[in-house]
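One structure is given below, encoded as structure tokens.
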Number of protein chains: 2
Amino acid sequence: MKKMEHKECMSALLPVRDTLDIIGGKWKILILISIWEGNKHFREIERSIPKLSTKVLSKELKDMEENQLITRTVLNGFPVRTEYRPTEYSKTLQKVILELQHWGANHRKKIFGREY
Amino acid sequence: MKKMEHKECMSALLPVRDTLDIIGGKWKILILISIWEGNKHFREIERSIPKLSTKVLSKELKDMEENQLITRTVLNGFPVRTEYRPTEYSKTLQKVILELQHWGANHRKKIFGREY
DNA sequence: CCGCATCCGAGTGGATACTG
DNA sequence: CAGTATCCACTCGGATGCGG
């Protein structure tokens with residue numbers, strides 16, 4: 001990558017922040033991965049991620065639906081069941097996440113001199 | 001990218017979180033860019049980023065030094081001056097940031113139907 | 001089962017003043 | 001100039017209970 005110029009930096013800023021809003025934080029990527037793996041129902045997702053509370057999960061799922069990373073479908077019947085599914089679009093994040101993963105793995109090696 | 005397998009996901013998790021710890025949050029990338037642009041001194045960096053308080057800047061710079069993204073040099077003389085400089089290593093983040101930028105820009109187009 | 005409402009403690013971060 | 005210290009408002013998120 002070439003040296004970043006000033007103007008590029010400033011115009012880079014908003015998109016970078018947007019992306020971090022969407023996948024940043026403690027839970028978003030975990031939830032996305034859980035859903036990619038095939039977990040569909042609220043409790044199912046909740047149980048797949050230790051320490052995640054219903055309040056937070058509820059909020060995160062709402063955010064992710066707004067951002068078109070997942071779809072939410074309420075099934076008829078009682079008790080109510082809801083299905084969350086990843087969108088095709090959500091997969092465009094995999095490249096980004098992979099990049100984060102590579103950098104993080106390499107960084108840990110550098111800082112701690114060992115892997116996980 | 002191929003479908004992520006379960007084990008890959010789990011081993012992806014820690015590195016991704018590490019990376020987000022390091023560049024996530026409201027300020028880290030802004031500070032890094034400011035320093036990449038050539039700002040060297042505490043006040044200089046502070047003034048280059050609106051709404052950034054000294055307390056937060058202080059903490060962030062400390063974190064970034066620990067993570068070897070910047071170096072901190074105290075110059076002799078009075079009043080004391082300090083120089084922060086980006087490391088070569090910090091530039092390995094540019095690819096990651098570029099990826100975040102691309103995804104964010106494209107996402108905004110998708111969601112809002114327009115650019116910035 | 002799904003998910004919201006409430007209460008509440010801990011941590012974050014802003015403003016300001018102060019020291020070396 | 002470079003940062004620390006203090007005070008304080010606010011947010012975040014955990015625990016729990018409830019209603020649909």
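Reminder, nothing fancy here: chain letters follow the sequence lines and each chain counts from 1.
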#### Entry: Spacing between B:Asp21 atom CG and C:dT12 atom C1', to the nearest angstrom
15 Å
### Message
What is the separation between atom CD on A:Glu44 and atom C1' on C:dC2, rounded to the nearest whole Å?
### Response
13 Å
I'd like a list of close polar pairs between nucleotides 14-20 of chain C and the protein, N/O only, cut-off under 3.5 Å.
| unit_1 | atom_1 | unit_2 | atom_2 | d |
| --- | --- | --- | --- | --- |
| C:dG14 | OP2 | B:Ser53 | OG | 3.4 |
| C:dG14 | O6 | B:Lys55 | NZ | 2.3 |

### Query
In chain order, what residues pass the side chain to side chain contact (heavy atoms under 4.5 Å, CB included) check against B:Asp63, with sequence neighbours excluded?
B:Lys28, B:Lys59, B:Glu60
#### Entry: C:dC1 phosphate, OP1 or OP2, under 4.0 Å from A:His41 side-chain N/O
no
### Query
Who else is in the cluster with B:Val74 when I, L, V, M, F, W and Y are joined by side-chain contacts under 4.5 Å?
B:Val80
### Query
Is there a donor-acceptor pair under 3.5 Å between the side chain of B:Arg17 and the backbone N or O of A:Lys26?
yes
### Given DNA chain C, 5'-ward residue of the pair B:Lys59 and A:Phe42, judged by closest heavy atom
A:Phe42
### Task
Figure out the CD/C1' separation between B:Glu46 and D:dT4, and round it to whole Å.
13 Å
#### Entry: Any residue of residues 64-75 of chain B with a heavy atom less than 4.0 Å from an atom of DNA chain C
none
### Query
Once you round it to whole Å, what is the distance between P of D:dG14 and CD1 of A:Ile49?
12 Å
### Task
Report the C-alpha separation of A:Lys62 and A:Glu65 in whole Å, then their side-chain angles, then the decisive distance to 0.1 Å, and conclude whether the salt bridge (charged side-chain N to carboxylate O under 4.0 Å, His left out) test is met.
CA-CA 5 Å; A:Lys62 213 166 284 175; A:Glu65 194 191 356; over 6 Å; no
### Query
Between A:Tyr89 and B:Trp103, what is the ring plane arrangement, given parallel below 30°, perpendicular above 60°, and tilted in between?
parallel
### Query
Taking CD1 from B:Ile31 and P from D:dG3, how many angstroms apart are they, rounded to a whole number?
12 Å
### Task
Determine: side-chain N/O of B:Tyr84 to OP1/OP2 of D:dC1, distance under 4.0 Å, yes or no.
no
### Any donor-acceptor pair under 3.5 Å from A:Ser34 side chain to A:Leu30 backbone
no
### Task
Could you check how far NZ of A:Lys40 sits from C1' of C:dC1, rounded to whole Å?
17 Å
### Task
Sequence neighbours left out, what passes salt bridge (Lys or Arg N to Asp or Glu O under 4.0 Å) with A:Arg43? Give chain and number order.
A:Glu46
#### Entry: Gap between atoms CG and P, on B:Asp63 and C:dG13 respectively (whole Å)
11 Å
### Query
Roughly, in whole Å, what's the span from CG in A:Leu57 to P in C:dC1?
14 Å
### Task
Spell out, as yes or no, whether a donor-acceptor pair under 3.5 Å connects the side chain of A:His107 to the backbone of B:Asp18.
no
### Query
Which part of the nucleic acid does A:Lys62 contact within heavy-atom distance under 4.0 Å: base, sugar-phosphate only, or nothing?
sugar-phosphate
#### Entry: N/O (side chain, A:Thr82) to phosphate O (OP1/OP2, C:dC1) under 4.0 Å
no
### Given D:dG3, C:dC2, C:dC1, the nucleotide with the shortest approach to the side chain of A:Arg47
C:dC1
### Query
For A:Lys40, what residues pass the side chain to side chain contact (heavy atoms under 4.5 Å, CB included) criterion, not counting sequence neighbours?
A:Glu44, A:Glu83, A:Arg85
